[in-house]
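Data first, discussion second: the structure below is written as structure tokens.
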Protein chains: 2
Amino acid sequence: MLSKKCKYAIHALVYLAERYQKGPVHIQEIAEKKNIPKKFLEAILLELRKAKVLHSKKGKGGGYTLYQKPSEVNLMEIMRLMDGPIALLPCVSLNYYERCEECRSEKTCGIRDVFLNVRDETLEILGGSTLDKILKREKSMLTK
Amino acid sequence: MLSKKCKYAIHALVYLAERYQKGPVHIQEIAEKKNIPKKFLEAILLELRKAKVLHSKKGKGGGYTLYQKPSEVNLMEIMRLMDGPIALLPCVSLNYYERCEECRSEKTCGIRDVFLNVRDETLEILGGSTLDKILKREKSMLTK
DNA sequence: CTTTTTCCTACTGAATTAATAGACTTTACT
DNA sequence: AGTAAAGTCTATTAATTCAGTAGGAAAAAG
């Protein structure tokens, strides 16, 4: 399961994608619209800024904006930033790999093979899920 | 990520599948062969027995056996038993569904759609991963 | 009636999650 | 210069989950 932190991050980013190129957005505004505790959201956005997903401006008239175009931000990278590994086993993780203690050999592990498969399918979907696609889908669903 | 509990459960079940129809297997034996803390494994096997995945016999000559054929036990059900939901969001979970607080409407949520997709692909793979298939794969990989 | 094995209840330490508090810094505007 | 409006940063905390342990009760076999 995704952590609340990660869910909040995704919701905030979708909101910012909607406001793309319409000037900085306050933490306060996002927190209210998306029902996220302000202080918690603060920490999340700060982390996303440090990872160069967001850009920020301090002081009056400040706020947050996307660092890149909505079509260049996908859920795979957001989830990795917020929750760490996407794979279900450390031994099939691309970014957080760790050897399996239980297994004799990775080559012959029939379990590993399954989760390698799950990982690949999952990354395929998440990697293709960009903010602009999510937005587009929401809009098209509204008119139906 | 899978919990250790779930990983232990899978390894134990694969071991029991290997010994299918060769008489009851002791907790002790599984614990040693698979490097699992005995007391912890005890609790896990007990849970699997209550879920009718395993059958047990007490006393001398006792031990654990699979309740069903190895071809009838898949990773989807094991993971649900051990770790709960497989879906990444409560609002797309089949067995542990909960409404999303953040979302206005599930119908028009562009985020939900992505994770519905991930869930379907994941269940497809895990549901098809039966103990006998895992065993077969391990054996075929050994001879290579 | 003793040995072997599973069954059951309760507990614990460590880590993670989901926040909250409060002071600091930067910027725009008057 | 002064002030209000933002984001920045460090620390703390309460609750929950995870991973495992302890110790004895119950059942079956011989």
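Letters A, B, ... mirror the listed sequences (proteins, then strands); counts begin at 1.
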When you compare the side chain of I44(B) with that of M82(B), does any pair of heavy atoms fall below 4.5 Å? yes

Strand-adjacent residues in residues 84-92 of chain A, judged by heavy atoms under 4.0 Å from DNA chain D: none

The criterion is ring pair (Phe, Tyr, Trp, His ring centres under 6.0 Å); which residues satisfy it with Y20(B), sequence neighbours excluded? none

The criterion is side chain to side chain donor-acceptor pair (under 3.5 Å); which residues satisfy it with Q68(B), sequence neighbours excluded? none

Taking protein heavy atoms under 4.0 Å as touching, what does nucleotides 14-21 of chain D look like 5' to 3' if B marks base contact, S marks sugar-phosphate-only contact and - marks none? -----SSB

DNA chain C stem ranges, 3 or more consecutive Watson-Crick or G-U pairs under 3.5 angstrom: C:1-30 with D:1-30

For I134(B) and L13(B), run side-chain contact (heavy atoms from CB on, under 4.5 Å): C-alpha distance rounded to whole Å, both residues' side-chain angles, the deciding distance at 0.1 Å, then the answer. CA-CA 11 Å; I134(B) 292 173; L13(B) 287 169; over 6 Å; no

Please enumerate all residues that pass salt bridge (charged side-chain N to carboxylate O under 4.0 Å, His left out) together with E77(A), with sequence neighbours excluded. none

The complete set of side chain to side chain donor-acceptor pair (under 3.5 Å) pairs with one or both residues in residues 43-63 of chain B, sequence neighbours excluded, reads K5(B)-E47(B)

E42(B) near the nucleic acid: base, sugar-phosphate alone, or nothing, with a heavy-atom cut-off under 4.0 Å? base

Can you find a pair of side-chain heavy atoms, one from V114(A) and one from K133(B), that are under 4.5 Å apart? no

DNA chain C contacts made by residues 53-65 of chain B, counting heavy atoms under 4.0 Å: S56(B), K57(B), K58(B), G59(B), K60(B), G63(B), Y64(B)

Pairwise salt bridge (charged side-chain N to carboxylate O under 4.0 Å, His left out) hits with a residue in residues 116-127 of chain B, at least two apart: none

Going by the side chain to side chain donor-acceptor pair (under 3.5 Å) test, which pairs reach into residues 80-96 of chain A, not counting sequence neighbours? S3(A)-D83(A)

Any link between M76(A) and L89(B) through a network of hydrophobic side chains (Ile, Leu, Val, Met, Phe, Trp, Tyr) touching at under 4.5 Å? yes

Same cluster (ILVMFWY, side-chain, under 4.5 Å), L123(A) and L2(A): yes

Extract, from 5' to 3' on DNA chain C, the first and final nucleotides lying under 4.0 angstrom from some heavy atom of chain A. dA18(C) to dA28(C)

With a non-hydrogen cut-off below 4.0 angstrom, is L45(A) in contact with a base, only sugar-phosphate, or nothing? nothing

Using atom types as modelled and distance alone, determine if a side-chain donor or acceptor of R112(A) lies under 3.5 Å from a backbone N or O of C91(A). yes

Quick one, F115(B) with L75(A), criterion side-chain contact (heavy atoms from CB on, under 4.5 Å). Give me CA distance, side-chain angles, the key distance, then yes/no. CA-CA 10 Å; F115(B) 289 98; L75(A) 294 190; 3.9 Å; yes

Going by the side chain to side chain donor-acceptor pair (under 3.5 Å) test, which pairs reach into residues 21-31 of chain A, not counting sequence neighbours? Y15(A)-E29(A), Q28(A)-E32(A)

Starting at CG of L46(B) and ending at C1' of dA27(D), how long is that distance when rounded to a whole Å? 14 Å

M79(B) and L88(A), any side-chain heavy atoms less than 4.5 Å apart: yes

